[in-house]
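By convention in this document, chain letters (A, B, ...) are assigned in the order of the sequence lines, proteins followed by strands, and residues within each chain are numbered from 1. Because the structure is predicted, anything quoted here is derived from the model rather than measured.
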2 protein chains.
Amino acid sequence: MATLADVAALAGYNKSTVSRALARPEMVAPETIARIRAAADQLGYVLNRTASQLARGRTGLAAFVVPTLENAFFAPIIGGAQARAAESDLHLTVTVASLETAAGLAALERLAAQVDGLILAAPRGPEENVAAIAAIKPTVLVDREAEGLPSVVADTATAIGAVVQGLAVRGHRRIAYLGGPPGSWQDPGRAAAAREAAARSGAELTVHGPYPASFAAGVTATAEVLESGATAVVPYATALALGLILTLRGRGVQVPGEVLVSAETTVTEALGVPGIPAIDVAGDALGRAAMDLLGAAMTDPTETSRLRLPVQVTWSRPA
Amino acid sequence: MATLADVAALAGYNKSTVSRALARPEMVAPETIARIRAAADQLGYVLNRTASQLARGRTGLAAFVVPTLENAFFAPIIGGAQARAAESDLHLTVTVASLETAAGLAALERLAAQVDGLILAAPRGPEENVAAIAAIKPTVLVDREAEGLPSVVADTATAIGAVVQGLAVRGHRRIAYLGGPPGSWQDPGRAAAAREAAARSGAELTVHGPYPASFAAGVTATAEVLESGATAVVPYATALALGLILTLRGRGVQVPGEVLVSAETTVTEALGVPGIPAIDVAGDALGRAAMDLLGAAMTDPTETSRLRLPVQVTWSRPA
DNA sequence: ACCGGTTGTGCAACCGGTTGCATGTGACCG
DNA sequence: CGGTCACATGCAACCGGTTGCACAACCGGT
């Protein structure tokens, strides 16, 4: 592997000049840059990130922390963040960790010491634990907000409110909301939005859960849903909706028909029936926004913007 | 932040001794170690990984490369790999990339230069591209095998064969296999196993696809399935199964009943009907095994074990 | 012709560990 | 009792960039 010194020798300049020519060209004469560039790619020189990081006191790593990977919900968010990270020459390391336990907190503190910044996706656990991490390194929250921290949140509360209202308008008098996941920061806001929308439009709302975002939880929830007598159900996650739909049908309940279940567009479209509400979170936009915020926070520690990304609500059309 | 030099000064030893005491205790007198340890945690010393890496010529990074993150299939694999990576003090960076295009190959070559090793999960694209990456850094393949490279594969082929045979035994004369994903190394093996099992047990098998591992693809596949006249369908992925099941039911087809669809246990259980085959891949075990192999390959470049992990087949029992 | 101000480059220290080699000490052996 | 050896520790070079500071050359202005 060619080093800076090799390039310098070949080009006839000092290491320092070569370093500047490559990293801060505005400080170096154009002609010099040209010669150095030529020498560099004649030797196939590539920057040693480790050395660079040591000298600059950075690690070139950003951590993306999720409470679980079982939930496909995080995948597009990670993808979006990943794409942006690559653009700013950062590596994104994905870690499963929880802030709910002392052990989890300790693990994250250790991690924080080894990265330049972190994105905490839907972190559960007490706010002081979140603050403890944020005190170590620039931190951005996803789907949670906290005093003095930058965050980006998918505004599912508004979307769920709109869905509940829309259902009421379409004649549903009894609506069930399946909330979760347990410990979620978003959940109370969603439930509140659902309640408010129901109240405003004169429908009755039952709130169930919290449920984890899993197919199995959807299965479990079926009994409660049937018991509630609701004609429409709004689960907060797709996996939940699928588990619910399949189980309902397995018990001979017409879905939609006797009970309507909202989901995301790909699912509602598949049902081939009009008038089903779909809630779609743009995960990759969420991830990108989070990474952008992290970039900002890394250069300016006073960055504390709170972003709320709109969430799409669609009603399936006649086929 | 305390450095080695600080600890050395406090403990009254040389940097080098402190370094050894902490990293290679067998070279240092026990009493010395004790004093150094004391000094170290009095100062709250933690190793600077960047400096360590520079000195040792490693990056402390392993890359986990997936073709896409949309597919929840990779999540548990990543989780498993991640857990093992943490144990060996490596960071796992998850990257979405493809070996099918020149651009993708170039991106991966760049990535390979910056990590200590890579895990390529279900990589598509020509074998020479895989080899090109493996030539740069120790590489482990997941769900693909290649000459001279360590790999770990979930033996879905055998599982699918067993399912097809089981279906035939239970009286299904016409079985459809939904294959994929496009470009998959596994797919031909799966299709072959399905064909062989069908032939052996005297059932008729139609092979469809390849389909991507998505809910939407399951929706799309419905027409073809109905056309085939099959009474049982074996899709290679859960998302595919769900899309198919929902769409079939949306069209008034009894599932199971008129058409039986295999899936994974969580789904088949939800259906509440006995006799449905489930195929379950232990994703985290796959990830762990891959990371273990990578560890081995990083120390011993001649490591070329090919692991095949068994895949669980279960028939749902009467409820 | 002189001076303050740019601009371009070199020098050397520095980031914080790691490691080959040298040195010193005491134990063990003949 | 001298010699050999294992063991513990120190010294200093090294990994490969980055950057503050010094210095030289050259600029236009007076």
Q) Over its full length, what angle do the end axes of the helix from C:dA1-D:dT30 to C:dG30-D:dC1 make, each axis taken from five pairs and the result rounded to 10 degrees? A) 40°
Contact list (N/O, under 3.5 angstrom) for nucleotides 23-27 of chain C vs protein:
none

(Q) Taking the nucleotide of DNA chain D with the nearest heavy atom to each, does B:E26 or A:R24 sit closer to the 5' end? (A) B:E26
Q) Relative to the 5' end of DNA chain C, which residue comes earlier, A:A29 or B:A5, by the nucleotide with the nearest heavy atom? A) A:A29
Q) Has the side chain of A:D6 got a donor or acceptor atom that lies under 3.5 Å from a matching backbone atom of A:T3? A) yes
Q) How many angstroms lie between atom CG of B:L92 and atom CE of B:M291, to the nearest 0.5 angstrom? A) 5.5 Å
**Q.** Spacing of CD1 belonging to B:I77 relative to CG belonging to B:N71, to within rounding of 0.5 Å
**A.** 9.0 Å
Q) Under 4.0 angstrom, heavy atoms only, what part of the nucleic acid is B:S16 near: base, sugar-phosphate, or nothing? A) base
Q: Could you tell me whether B:R58 contacts a base, only the sugar-phosphate backbone, or nothing, with contacts defined as non-hydrogen atoms closer than 4.0 Å?
A: nothing
Q. How would you label the contact of A:N48 with the nucleic acid (heavy atoms, under 4.0 Å): base, sugar-phosphate, or nothing?
A. sugar-phosphate
Q) When you check the side-chain N and O atoms of B:E100 and B:S98, is any donor under 3.5 Å from an acceptor? A) yes
Q.
So, taking the atom named OH in A:Y45 and the one named CZ in A:R37, what distance separates them when rounded to the nearest 0.5 Å?
A. 12.5 Å
**Q.** Side-chain (B:N129) to main-chain (B:L99) donor-acceptor, under 3.5 angstrom
**A.** yes
Q. Which of these passes side-chain contact (heavy atoms from CB on, under 4.5 Å) with B:L141: B:L293, B:L120, B:V153?
A. B:L120
Q: Please determine if A:D292 and A:R84 form a salt bridge, counting it only when a charged side-chain N lies under 4.0 Å from a carboxylate O.
A: yes
Q: At the 4.0 Å heavy-atom cut-off to chain A, mark where contacts on DNA chain D begin and end, going 5' to 3'.
A: D:dG16 to D:dC21
**Q.** Under-4.0 Å salt bridge between B:R308 and B:E145
**A.** yes
Q) Is A:T50 touching bases, backbone alone, or none of the nucleic acid, heavy atoms closer than 4.0 Å? A) nothing
Q: Examine distances only and state if a side-chain atom of B:D155 and a backbone atom of B:P310 form a donor-acceptor pair shorter than 3.5 Å.
A: no
**Q.** Whole-Å gap separating P (C:dG10) and CZ (A:R20)
**A.** 9 Å
**Q.** Toward the 5' end of DNA chain C, by each residue's nearest nucleotide, A:K15 or A:M27
**A.** A:M27
(Q) How about CZ on B:R58, more than 12 heavy atoms from neighbouring residues, nucleotides or ligands closer than 6.0 Å, or not? (A) no
